[in-house]
Amino acid sequence: MQKIIFVGGARPNFMKLAPILREIRRGFAQTIHPILVHTGQHYDQAMSGNFFKDLELPEPDYNLGVGSGSHATQTAAIMRGFEPVCLAEKPDMVAVVGDVNSTAACALTAAKLQVAVAHVEAGLRSGDRRMPEEINRIVTDALADVCFVTEESGIDNLLREGKRPEHLHLVGNLMIDSLVHQLRLLPSDTARHEGPYAVVTLHRPSNVDHAERLEAIVNALVALARTLPVIFPVHPRTSARLAEFGLRDALASSKVRCLPPMGYAEFLALWKDASLVLTDSGGIQEETTFLGVPCLTLRENTERPITLSMGTNRLVPGGTRSILEAAQQSLSQRGDVVRRPPLWDGRAAERIVRHLCASGTIADSVPARS
Ligand code: UD1
């Protein structure tokens with residue numbers, strides 16, 4: 001029996017953990033003893049609690065309750081909270097997902113205790129170290145003993161950074177596992193949104209923490225909403241910045257419909273039928289690719305290049321006018337043939353759990369530490 005601690009902390013982690021824990025319950029409960037740790041990086045009902053409910057995640061075995069703070073404060077609080085859990089549980093492995101502060105903090109804590117680290121969603125690189133997530137990816141992958149990768153570019157990046165090929169596994173994408181599962185569960189009476197509409201999500205510091213940039217985006221949304229309904233569930237960080245920069249009124253007096261952050265199922269029911277999604281999220285670039293929904297990513301770069309080469313995603317680094325032009329072009333894309341990246345088939349969790357269980361995988365993959 002292998003004891004593995006699975007770590008989640010922020011909203012985008014939960015949809016990656018749910019399929020793995022479900023797969024263990026389904027067929028591997030005799031081989032893997034999972035322990036779920038919620039760091040509490042996200043703590044609102046809207047950012048965390050609703051996701052546990054929608055995704056049928058079990059109650060965490062531990063909640064570290066770290067809350068918000070500067071990067072150093074939050075990262076340090078996670079490490080301080082997580083170390084005693086590792087010492088008490090003595091796991092065979094710690095599995096971290098994604099690229100948030102909880103991911104890097106728990107990987108570092110485990111590695112220093114000489115516990116093997118698995119990183120799910122390894123190898124993604126935007127090449128942009130201004131993004132806190134890029135730093136988290138680099139640190140986590142440098143420490144990881146086992147890397148589970150979603151797309152070919154991740155393998156190339158990790159090999160270039162000196163990882164050994166035997167530690168890398170292209171397994172597909174857990175976000176898509178959750179999507180496939182939840183699509184089946186959506187009640188048939190889920191309210192459909194009539195007619196064409198656009199959905200917006202925004203939370204990256206590069207977009208929302210600078211008044212000029214946020215204003216340019218708000219102006220684009222206000223203009224777009226004159227011809228196409230725009231629905232905008234607002235992330236807490238973004239909500240705070242909109243107030244701080246005096247941009248709330250511009251949105252309130254426009255046709256943009258601002259809503260609180262949504263749970264997984266409610267948001268899925270909304271975006272899956274959208275004519276257009278405008279976002280700066282990583283996961284939504286992948287999800288829209290899978291369902292063929294045109295997506296504009298309001299960023300200069302993406303760590304998920306397969307969504308550009310195979311999917312419906314387009315980068316829009318420019319201001320108001322570029323966003324509006326790109327929106328017009330993308331709206332004509334709806335209905336194009338959907339192409340799906342290799343292994344994005346809803347079975348990534350199965351592959352990951354099989355790798356974890358394969359005899360000796362954990363022991364063999366951990367290089368001797370001096
Ligand atoms: C974090 C992740 C980002 C991920 C995003 C998804 C890092 C570095 N960033 O960014 O990769 O895409 O989550 O949401 O880990 N807040 C609340 N309630 C909550 C959580 C946060 O009100 O439940 C507020 C706090 O005031 C906080 C702000 O939102 O200061 C930002 O939260 P934080 O976790 O620091 O970063 P995110 O922007 O959410």
Side-chain angles (χ1 to χ4, degrees), residues 7-17 37-55 60 63-79 81-82 96-108 119-122 124-126 128-141 174-175 178 200-210 213-214 232-245 259-264 267 271 277 279-287 297-299 301-304 307:
V7 178
R11 188 168 64 171
N13 294 158
F14 306 132
M15 40 284 222
K16 293 165 200 161
L17 290 174
V37 173
H38 186 342
T39 65
Q41 179 176 345
H42 282 177
Y43 42 86
D44 280 0
Q45 186 64 19
M47 300 297 287
S48 169
N50 290 344
F51 281 78
F52 272 72
K53 189 157 67 60
D54 282 4
L55 297 165
N63 192 326
L64 308 182
V66 299
S68 301
S70 69
H71 283 279
T73 305
Q74 191 176 58
T75 305
I78 297 166
M79 292 182 71
F82 188 56
V96 295
V97 300
D99 57 13
V100 302
N101 286 342
S102 302
T103 312
C106 293
L108 185 50
H119 184 203
V120 175
E121 202 184 86
L124 296 179
R125 294 290 181 272
S126 66
D128 181 354
R129 289 201 184 191
R130 292 169 301 176
M131 287 179 77
E133 294 81 0
E134 184 76 352
I135 310 285
N136 291 337
R137 291 178 201 120
I138 292 168
V139 168
T140 306
D141 285 338
L174 288 171
M175 293 286 287
S178 266
V200 182
T201 80
L202 281 180
H203 74 279
R204 295 245 164 254
S206 56
N207 278 329
V208 307
D209 286 1
H210 308 281
R213 175 72 186 146
L214 188 55
F232 182 12
V234 185
H235 186 283
R237 169 192 283 276
T238 310
S239 181
R241 296 297 176 270
L242 287 168
E244 185 183 330
F245 302 147
L259 302 170
M262 291 180 173
Y264 186 91
F267 186 58
W271 71 259
V277 170
T279 191
D280 57 13
S281 146
I284 295 173
Q285 298 172 47
E286 301 180 332
E287 294 174 314
T297 295
L298 309 185
R299 286 175 45 188
N301 47 52
T302 178
E303 59 289 332
R304 293 158 158 94
T307 62

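When a ligand or atom number is given, it counts from 1 through the structure's own listing order. What you see is a predicted model, and the numbers here were worked out from it, not measured in a lab.
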SB check Glu303 Arg299 (cutoff 4.0 Å):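 Judged by the 4.0 Å cut-off on N to carboxylate O distance, Glu303 and Arg299 do form a salt bridge.
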Note: Glu121-Arg304 ion pair, threshold 4.0 Å (strictly below):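 A salt bridge is present here (some side-chain N lies under 4.0 Å from a carboxylate O).
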Backbone or side-chain N or O of His71 under 3.5 Å from ligand 1 N or O: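 N/O-N/O distance below 3.5 Å does not exist for this pair.
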Subset of ligand 1 atoms that lie under 4.0 Å from at least one heavy atom of Met47: 14 (O), 19 (C), 23 (O)
At what distance is the nearest protein heavy atom to [atom], and which residue and atom is it?
| atom | answer |
| --- | --- |
| atom 16 (N) of ligand 1 | Tyr43 OH, 3.5 Å |
| atom 28 (C) of ligand 1 | Arg237 CB, 4.0 Å |
| atom 2 (C) of ligand 1 | Val100 CG1, 3.7 Å |

Quick one: which of [options] has a heavy atom closest to [atom]?
| atom | options | answer |
| --- | --- | --- |
| atom 39 (O) of ligand 1 | Arg241, Gln74, His42, Arg11 | His42 |
| atom 11 (O) of ligand 1 | Glu133, Gln41, Met131 | Glu133 |
| atom 22 (O) of ligand 1 | Ser68, Gly283, Pro236 | Pro236 |

Pair His42 and Phe14, ring centroids less than 6.0 Å apart: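 For His42 and Phe14, the ring centres are not under 6.0 Å apart.
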Asp280: salt bridge (Lys or Arg N to Asp or Glu O under 4.0 Å) partners, not counting sequence neighbours: none
Test side chain to side chain contact (heavy atoms under 4.5 Å, CB included) applied to Ser206 - qualifying residues, sequence neighbours left out: Arg204
Backbone of Ile78 reached by a side-chain donor or acceptor of Thr39 within 3.5 Å: no
Residue-ligand contact Ser48/ligand 1, heavy atom below 4.0 Å: no
